[in-house]
There are 2 protein chains.
Amino acid sequence: MSAAKAPDGYDASDYPPFAVTVDLAIFTIRDGHLKVLLVQRADDPYAGAWALPGGFVGIDEDATTAAWRELAEETGLERFDGHLEQLATYSAPERDPRMRVVSVAHVAFAPNLPDPRAGSDAAAAHWWDVDDLFLPGLTLTGDPTDAPDLAFDHAQILTDAVDRVAAKLEYTTLATAFVETPFTLSELRHVYETVWGVRLDPGNFRRKAETGSLATKDPGTDPRPTGGRRAAVYRPTGTAALQPPMLRPDGARAKTTATTGGPR
Amino acid sequence: MSAAKAPDGYDASDYPPFAVTVDLAIFTIRDGHLKVLLVQRADDPYAGAWALPGGFVGIDEDATTAAWRELAEETGLERFDGHLEQLATYSAPERDPRMRVVSVAHVAFAPNLPDPRAGSDAAAAHWWDVDDLFLPGLTLTGDPTDAPDLAFDHAQILTDAVDRVAAKLEYTTLATAFVETPFTLSELRHVYETVWGVRLDPGNFRRKAETGSLATKDPGTDPRPTGGRRAAVYRPTGTAALQPPMLRPDGARAKTTATTGGPR
DNA sequence: CCAAAAGTGTTTGAACTACACCCATGC
DNA sequence: GCATGGGTGTAGTTCAAACACTTTTGG
């Protein structure tokens with residue numbers, strides 16, 4: 001392989017041209033399950049298969065700006081009060097059979113995202129239960145024959161994305177991005193239980209949430225009836241890091257042998 | 001902002017062309033300090049400033065392959081027995097004034113890397129002490145007037161890279177990539193002390209290294225005289241994750257408010 | 001012998017687990 | 001009342017920090 005060197009005075013004819021795209025793994029929690037938004041492809045390649053939403057990076061924007069723009073287009077939301085961050089970049093030469101495409105994948109999550117609408121380039125859009133997808137290194141709890149075909153290298157991207165979300169709950173306060181403010185500690189605990197696939201002790205969770213500066217008490221209680229006592233309401237503390245971290249119990253959705261050694 | 005959409009049947013004329021490069025933050029430990037390899041630029045832009053080594057991604061390789069190739073070229077090593085991983089992608093539109101360049105930054109570290117040689121496109125190459133660089137969000141312990149000018153957005157990349165290295169020592173066994181096998185526990189402890197900028201208790205460190213499957217005992221002792229008792233020698237366990245993690249004490253090189261929320 | 005580094009043991013305290021128990025609300 | 005979920009208290013355990021102490025080597 002004799003790739004081009006990078007002389008200081010290079011001009012446009014010296015470098016191989018690439019297309020740069022963003023792909024988004026947008027997560028939300030619905031009906032007690034971790035869901036991700038996928039769009040069904042209308043045309044070849046991978047016609048009929050399901051793919052992460054995404055699109056080209058414009059010549060005048062950076063990847064994160066492009067990801068925010070695509071997020072707004074795909075969810076149809078004016079104001080997105082969740083979280084978006086870069087995941088990793090996928091650049092295998094044959095990952096798109098049409099042309100040389102490098103994709104900067106991002107992860108987003110938010111509470112209560114509305115039903116998706118199909119875009120011009122997609123036959124359909126749907127919130128898929130993560131446990132119904134066949135992802136390398138993760139256990140599929142549903143029926144394998146119901147699992148959708150995933151286009152391109154999106155199974156790998158999704159595996160890395162799920163890993164990232166599960167890991168970030170441990171040492172950051174990002175769980176609060178999955179619930180609407182204000183929230184009850186039950187709702188926040190359900191985020192951990194859903195993403196990790198475990199049950200947490202309510203009393204111990206309360207202690208860690210308060211001492212670890214994950215949530216702070218609001219005045220008043222939740223007006224919605226729950227069948228029991230009314231819960232106190234909380235809001236995020238504004239702190240980014242959880243100190244000490246929330247430990248992931250044995251049996252929780254585990255780290256896979258991720259190809260991208262991302263940040264914690 | 002009207003960036004191109006991504007119709008399924010796009011052809012090459014539909015997308016904005018980008019150059020894709022890799023930049024490497026190559027770390028080693030020398031003289032008890034954390035060092036990073038920088039090359040001095042010969043030509044404009046940023047002539048005379050110091051930059052991370054890097055180069056174009058070839059049309060037939062992925063970013064990680066390009067990073068390994070550049071690593072071999074810059075260090076001149078036949079066999080590199082350290083660690084290389086993707087860090088993040090930097091894509092601000094004006095980050096290179098000449099053209100639209102997206103860079104996939106990588107982090108590498110290894111023990112005892114040799115003195116660098118200047119490449120064709122660099123006036124000089126040098127191992128810089130990380131504490132002598134002026135990095136946003138990190139404290140500079142040396143003389144600010146001696147700090148080199150950093151080209152492009154490489155100060156930001158370096159900040160994220162140092163963050164990543166410091167964080168990875170906590171919950172992985174990657175510290176062993178900074179020492180030659182076999183190693184003594186003192187050498188391994190010096191890795192943590194150097195990267196984090198703290199002193200660790202030798203007794204407690206020994207316990208954690210053995211119980212947390214960071215290192216395993218080899219037969220024999222280190223033949224080199226140290227001025228004291230001969231140390232036992234150890235080798236990596238092959239485990240990737242440190243369970244439980246090595247806690248970073250107060251005062252350790254801290255996480256900055258990183259722009260890239262990397263994996264842990 | 002003395003200094004310096006390797007390695008062991010012990011005490012203390014923080015924090016997590018598990019589980020029992022009381023409180024508030026709907027039916 | 002009784003079921004259900006919210007919230008508090010507490011005993012036991014695990015583990016890390018701090019530090020004293022012993023062992024081995026070079027001079």
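By convention in this document, chain letters (A, B, ...) are assigned in the order of the sequence lines, proteins followed by strands, and residues within each chain are numbered from 1. Computed from a predicted structure; not experimentally measured.
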Please confirm whether the shortest side-chain N or O distance from K208(B) to OP1 or OP2 of dC15(D) is below 4.0 Å. no
Less than 4.0 angstrom between a side-chain N/O of T184(A) and OP1 or OP2 of dG6(D), yes or no? no
Please report the shortest heavy-atom distance between [X] and [Y], naming the atom on each side.
X: P136(A); Y: Q156(A); value: CG-OE1, 4.3 Å
X: F27(B); Y: V130(B); value: CE2-CG2, 3.9 Å
X: A108(A); Y: L84(A); value: CB-CD1, 3.7 Å

Value in whole Å for how far the [atom2] atom of [N] lies from [atom1] of [X]:
X: Q243(B); N: dA16(D); atom1: CD; atom2: P; result: 10 Å
X: Y192(B); N: dA17(D); atom1: OH; atom2: P; result: 13 Å
X: L188(A); N: dG5(D); atom1: CG; atom2: P; result: 18 Å

Are H154(A) and D23(A) packed together at the side-chain level, in the sense that at least one heavy-atom pair is separated by less than 4.5 angstrom? yes
Checking all strands, does P244(A) fall into the base, sugar-phosphate, or nothing category for heavy-atom contacts under 4.0 angstrom? sugar-phosphate
NA contact type, S186(A), heavy-atom cut-off 4.0 Å: base, sugar-phosphate, or nothing? sugar-phosphate
Between the protein and nucleotides 12-14 of chain D, are there any N/O to N/O pairs under 3.5 Å, and if so, what are the atom names and distances?
none

Step by step, would you call Y90(A) with D160(A) a side-chain hydrogen bond (donor to acceptor under 3.5 Å, both in side chains)? CA-CA 11 Å; Y90(A) 297 83; D160(A) 296 343; 2.5 Å; yes
Does this structure show an ion pair linking R253(A) with D131(A), if we count only N-O contacts that are shorter than 4.0 Å? yes
Is the side chain of [X] donor-acceptor paired with the backbone N or O of [Y] at a distance under 3.5 Å, no angle test?
X: E180(B); Y: P111(B); result: no
X: T89(B); Y: V104(B); result: no
X: E187(A); Y: T184(A); result: yes

On DNA chain D, nearest-nucleotide positions of P249(B) versus Y234(A): which is more 5'? Y234(A)
When you compare the side chains of E193(B) and H190(B), does any donor N or O come within less than 3.5 Å of an acceptor on the partner? yes
Using the heavy-atom set of chain A and a strict 4.0 Å cut-off, write down the first and last nucleotide of DNA chain C that makes it in, 5' to 3'. dC16(C) to dG26(C)
Letter by letter from the 5' end, nucleotides 18-27 of chain D scores (B base, S sugar-phosphate only, - none; protein heavy atoms under 4.0 Å) BB---BBBS-
Partner of R30(B) under side chain to side chain donor-acceptor pair (under 3.5 Å), chosen from T194(B), D129(B), D115(B): D115(B)
